[in-house]
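Some notes on the structure that comes next.
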Number of protein chains: 2
Amino acid sequence: MAARHDLTRNQTLVLDRLTRADAPVSAYGLLDQLREEGLRAPLQVYRALDKLVELGLAHRLESLNAFVACAHAHEHRADEGHATGTTAFAICETCGRVDEFHDHAVEEGLAAWAGAAGFTPRLTTIELRGRCKECQAKAA
Amino acid sequence: MAARHDLTRNQTLVLDRLTRADAPVSAYGLLDQLREEGLRAPLQVYRALDKLVELGLAHRLESLNAFVACAHAHEHRADEGHATGTTAFAICETCGRVDEFHDHAVEEGLAAWAGAAGFTPRLTTIELRGRCKECQAKAA
DNA sequence: AACGAAATGTTATTTCATTACTCTATCGGA
DNA sequence: TCCGATAGAGTAATGAAATAACATTTCGTT
């Protein structure tokens, strides 16, 4: 199973940029940053992103059409299965920062609803957009 | 406060199409359907959609970049404030149908997390993509 | 060396969304 | 009645996000 050390060049470049960023970055934003490294086409970035998301090293934020590095990437290892459960995101619309979290009650609630409805989830998106604690304080 | 009967022509056209559709429709999909009614530009559709979403008569599905009519639109009245709480969506990737639901446990869970983190949500997106009961049965 | 799988690179195209500008109708004051 | 604010409408152009199609390269395995 692929671990961080056997990412390809493009995948590494993309992940590095995501990791350094302190806010979500769009595929085209990444491309712009990586032109100096020789990348030219959107597809090069999208392919790397697909792989990173598949490996659980990055997440796609559907409500922004942008990507972030997984906050728990350090937990990933070659010898373990990855990312437990559903990940939720709190996105600050003021400073851009994203907080990644898991909430048992939320997961249970959704699982219970799905069970009752006979719905089999494949992929779950939970995104809160609003204002983080710090920005809230500053705005007051 | 605006109620259904004072929607404008464009808003009515768009809402009608959304209501008749049995799956989410993109803005451009709506535009194609409405060319015969005289609409020509994306903006005409996007403006109508913005208003309908603002009124709670339609929802945007972030993970599909598409729109659906609100399943509870009949509950909307001129004299009442609208749509309580957070709406979640279960989207069948096989047949396209969307099931709109509210779950108290999920809302509570998110509210509790937000409270603890000091995060103030403005807009919450919850979308499950997977397979509905019927499609599950057929596929078996 | 030969093979196959995965990743790459490039061009073109499609799909989704917004900016900028103009025009018109309506409605509530002054 | 006139004024001006607001909201909706129409058009053109552009920007941003994502994919299709096709040719080539890299690299571990047999």
Side-chain angles (χ1 to χ4, degrees), chain A residues 1-18 21 23-55 57-68 78 96 123 125 127 129, chain B residues 1-15 17-18 21 23-55 57-68 91 93 96 123 125 127 129:
Chain A
M1 166 122 283
R4 174 144 195 168
H5 65 272
D6 44 49
L7 292 178
T8 65
R9 166 174 163 82
N10 287 359
Q11 290 160 10
T12 303
L13 287 170
V14 168
L15 182 54
D16 281 354
R17 298 295 166 151
L18 280 182
V25 191
S26 72
Y28 279 73
L30 288 164
L31 177 56
D32 286 342
Q33 291 183 41
L34 293 172
R35 284 190 196 283
E36 54 186 17
E37 309 289 346
L39 297 214
R40 297 156 190 279
L43 210 47
Q44 296 176 284
V45 174
Y46 279 108
R47 288 200 274 231
L49 285 168
D50 283 350
K51 194 62 178 182
L52 293 173
V53 168
E54 180 191 328
L55 294 175
L57 297 173
H59 299 288
R60 174 188 174 84
L61 299 177
E62 299 286 357
S63 66
L64 301 180
N65 292 333
F67 300 81
V68 288
L123 201 152
T125 299
E127 298 176 14
R129 276 176 291 164
Chain B
M1 165 125 288
R4 174 143 196 172
H5 64 274
D6 43 47
L7 292 179
T8 63
R9 166 173 162 82
N10 286 1
Q11 289 160 11
T12 303
L13 287 171
V14 168
L15 182 53
R17 298 293 167 153
L18 280 182
V25 192
S26 72
Y28 279 72
L30 288 164
L31 177 56
D32 286 342
Q33 291 183 40
L34 293 172
R35 285 189 195 282
E36 54 186 17
E37 310 289 346
L39 297 214
R40 297 158 188 280
L43 206 48
Q44 296 175 285
V45 173
Y46 278 108
R47 286 200 275 231
L49 285 168
D50 283 350
K51 194 63 176 181
L52 293 172
V53 168
E54 179 191 329
L55 294 175
L57 297 172
H59 299 287
R60 174 187 174 82
L61 298 177
E62 300 286 356
S63 66
L64 301 181
N65 294 332
F67 300 81
V68 287
I91 303 163
E93 296 180 313
L123 200 152
T125 299
E127 298 176 14
R129 277 176 291 164

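Here is the naming used below: chain letters follow the sequence lines, and residue numbers restart at 1 for every chain.
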* Does Q33(A) use its side chain to pair, donor to acceptor, with the backbone of L30(A) at less than 3.5 Å? -> no
* Asked: Is there a donor-acceptor pair under 3.5 Å between the side chain of Q44(B) and the backbone N or O of A41(B)?
  -> yes
Rounded interatomic separation in angstrom, taking [atom1] from [X] and [atom2] from [N]:
X	N	atom1	atom2	value
L49(B)	dG8(D)	CG	C1'	15 Å
L39(B)	dA12(D)	CG	C1'	16 Å
L64(A)	dA18(D)	CG	C1'	16 Å
L31(A)	dA16(D)	CG	P	13 Å
Y28(B)	dA18(D)	OH	P	15 Å
N65(B)	dA16(D)	CG	C1'	11 Å
Q11(B)	dA7(D)	CD	C1'	10 Å
Q44(A)	dA18(D)	CD	C1'	15 Å

A side-chain contact here means heavy atoms from C-beta on lying under 4.5 Å apart; do [X] and [Y] qualify?
X	Y	result
L18(A)	F67(A)	yes
S63(B)	I91(B)	yes
L13(B)	R9(B)	yes

* Starting at the 5' end of DNA chain C and moving along, which residue's nearest nucleotide shows up first, N10(A) or A66(B)? -> N10(A)
* Salt bridge present between E54(A) and R60(A) (N-O < 4.0 angstrom) -> no
* R129(A) and E62(B) ion-paired at < 4.0 Å -> yes
Atom pairs under 3.5 Å, N or O on each side, protein against nucleotides 22-30 of chain D: can you list them with distances?
none

* Structure fact -> Counted 5' to 3', the first and last nucleotides of DNA chain C within 4.0 Å (strictly under) of a heavy-atom of chain B are dC16(C) to dA20(C)
* Evaluate the criterion side chain to side chain contact (heavy atoms under 4.5 Å, CB included) for residue pair N10(A) and L34(A); output intermediate values, then yes/no. => CA-CA 9 Å; N10(A) 287 359; L34(A) 293 172; over 6 Å; no
Give a yes/no answer on whether the side chain of [X] brings an N or O atom under 4.0 Å of OP1 or OP2 in [N].
X	N	value
R60(A)	dA18(D)	yes
R40(B)	dG10(D)	no
S26(A)	dA16(D)	no

* Can you tell me how far CG of L57(B) sits from CG of L15(B), rounded to the nearest 0.5 angstrom? -> 6.0 Å
